[in-house]
Number of protein chains: 2
Amino acid sequence: MRKPNMREAILAAAEELFSINGFNAVSVRDIAQAAGANPGSVTYHFKTKDGLLLEIYQRHCMPMNLRRSELLEAAKRVRDVQDRLEAIVRAYVVPAFSSGSDLAGGGVRFTRLRAIMSAEGNEVARRIIAQTFDDTSHAFIDAIHESLPHIPRTEIVWRSHFLLGALYYTLVTPERVSRLSRGEADGADPGEAIEQIVKSTVASMQAPALDKRSPRKPPAGRAPADAGLA
Amino acid sequence: MRKPNMREAILAAAEELFSINGFNAVSVRDIAQAAGANPGSVTYHFKTKDGLLLEIYQRHCMPMNLRRSELLEAAKRVRDVQDRLEAIVRAYVVPAFSSGSDLAGGGVRFTRLRAIMSAEGNEVARRIIAQTFDDTSHAFIDAIHESLPHIPRTEIVWRSHFLLGALYYTLVTPERVSRLSRGEADGADPGEAIEQIVKSTVASMQAPALDKRSPRKPPAGRAPADAGLA
DNA sequence: ATAACATTTGTACATATGTACAAATAATAA
DNA sequence: TTATTATTTGTACATATGTACAAATGTTAT
């Protein structure tokens, strides 16, 4: 074949298919076919299916985190507290939708991929994510915490976690928003999604703290985790 | 074999395995082995693997929605607006963690199952969910909307969607909360998760509306969905 | 006990899967 | 050119998969 760069074609096809169907449901043959390549070619370039996923992550993680860091630094310089908080949240959300250097939809595709991998409990993904995104996550958590010093850090962690969940779920099931809003909202419109997530997250961050317990040490005699519930 | 009820054992094993690894990564043989049954038994009782998943959904959907409806009705009768809003959100969240009639952890397991199925884009699940949960979702959206009449319904839909995303993600990746909070929070503690989700969601629901456009009809000459972003 | 039915077992089949590898072909360097 | 290397192709293998089905076994009713 005279494909200018088959490696790239395979990578793109894999990313597309994984981001739609997950890792487990996509076969190496599916990927090869979508890329117009031979199954053997996949083995040649990436050795294993895991290797292919790894390469996809390595392709995207750095740029996305870089973009986030830039936007975060800019956001931290915003004077007004309310505006700053919003800018910080936006700095976290926007790169998840548009990863800049990438082709159209690249950011959305990779974020949706991450969402599905995390649901599938994919081990390759889990490792990469923990060691690549945690730094950035901490940076955002700290920045938000500095804008909201009266909220315990732990609660900021929870709320950031909810933000990521909202983001993931919106990318995975956008049609549900359209359906439940009876067509008044378009769940697949990144602009709309970003605005809604940002506004709703900023508000949630500002919620009063629960502080049932002292900020550091929980009192020893607490009921076991799932006593009254499970 | 003299297993008192093999059908139930298979169902339980499937639910457990699906809720951890997803549908695609679990084989009929895995399920059979976990249930101490023969692969053929699975075919006998449920005909196909899809049939097995279907049965799991039918087993849980009704009770969970019933519980939600009860709690919702009670919540709607709360006098104070703020308290009512919180009660409504809680009525939505709590049954996702504890499905009542079920054995310990049943609610969490089924909700985690739904989270993974929705990420995997499972068709069987998608169909059942849309026709079983949408009524309940609308009831909650309406109830919240009545407590917050100044917020457009569409925005309540978005924020409810984020709530579900947060809930799902917390059940799928609880260890991330523990890790990012450096052990100060336990992401797997249902009680803690519920309180955090409820408080943060109540706040997000009360966020001011975006209202870039008139409440009902968006102006015709709007930019195409993903023009400036994708 | 005998008949009727329900369940379980064991096995088989067709297909799908990840990956290995030798041969063929293209690209590059000498 | 020829030699060398990089890539692609085709095929093969071992294993896994969903499901079908007949035989064996258990259960219940008469």
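This structure is a prediction, so every number in the text was calculated from the model and none was measured. In what follows, chains are A, B, ... by sequence order, proteins preceding strands, each numbered from 1.
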Donor-acceptor contacts, no H, no angles, side chain residues 123-131 of chain A, under 3.5 Å, sequence neighbours left out:
unit_1: A:Glu123; atom_1: OE2; unit_2: A:Arg126; atom_2: NE; d: 3.3
unit_1: A:Arg126; atom_1: NH1; unit_2: B:Glu175; atom_2: OE2; d: 2.7

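One can place CG of B:Asn5 at 15 Å from C1' of D:dG26, the figure rounded to the nearest angstrom. Atom CD of B:Gln33 and atom C1' of C:dT8 are 17 Å apart (whole Å). Atom P of nucleotide C:dT8 and atom CD of B:Glu8 are separated by 12 Å, given to the nearest angstrom.
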Under 3.5 Å between N/O atoms: give me all the protein pairs with nucleotides 4-7 of chain C, atom names plus distance.
unit_1: C:dT7; atom_1: OP2; unit_2: B:Tyr44; atom_2: OH; d: 2.7

Reading 5' to 3' through nucleotides 13-24 of chain D, protein heavy-atom contacts under 4.0 Å coded B for base, S for sugar-phosphate only, - for none
----BBBS----
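In the model, B:Asp134 has no side-chain atom that pairs as donor or acceptor with a side-chain atom of B:Ser137 under 3.5 Å.
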Criterion side chain to side chain contact (heavy atoms under 4.5 Å, CB included) on B:Arg159 and B:Thr201, from CA distance to verdict
CA-CA 8 Å; B:Arg159 294 166 192 182; B:Thr201 298; over 6 Å; no
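Counting heavy atoms from C-beta on, the side chains of B:Leu54 and B:Phe46 never come closer than 4.5 Å.
Identified under the ring pair (Phe, Tyr, Trp, His ring centres under 6.0 Å) test for residues 160-204 of chain A, with sequence neighbours left out: A:Trp158-A:Phe162, A:His161-B:Tyr169, A:Tyr168-B:Tyr169, A:Tyr169-B:His161, A:Tyr169-B:Tyr168. The stretch residues 45-58 of chain B participates, sequence neighbours left out, in these side chain to side chain donor-acceptor pair (under 3.5 Å) pairs: B:Arg7-B:Glu55. Pairs engaging residues 115-145 of chain A under the ring pair (Phe, Tyr, Trp, His ring centres under 6.0 Å) rule: A:Tyr92-A:Phe140 [sequence neighbours left out].
No donor-acceptor pair closer than 3.5 Å links the side chain of A:Ser19 to the backbone N or O of A:Arg112.
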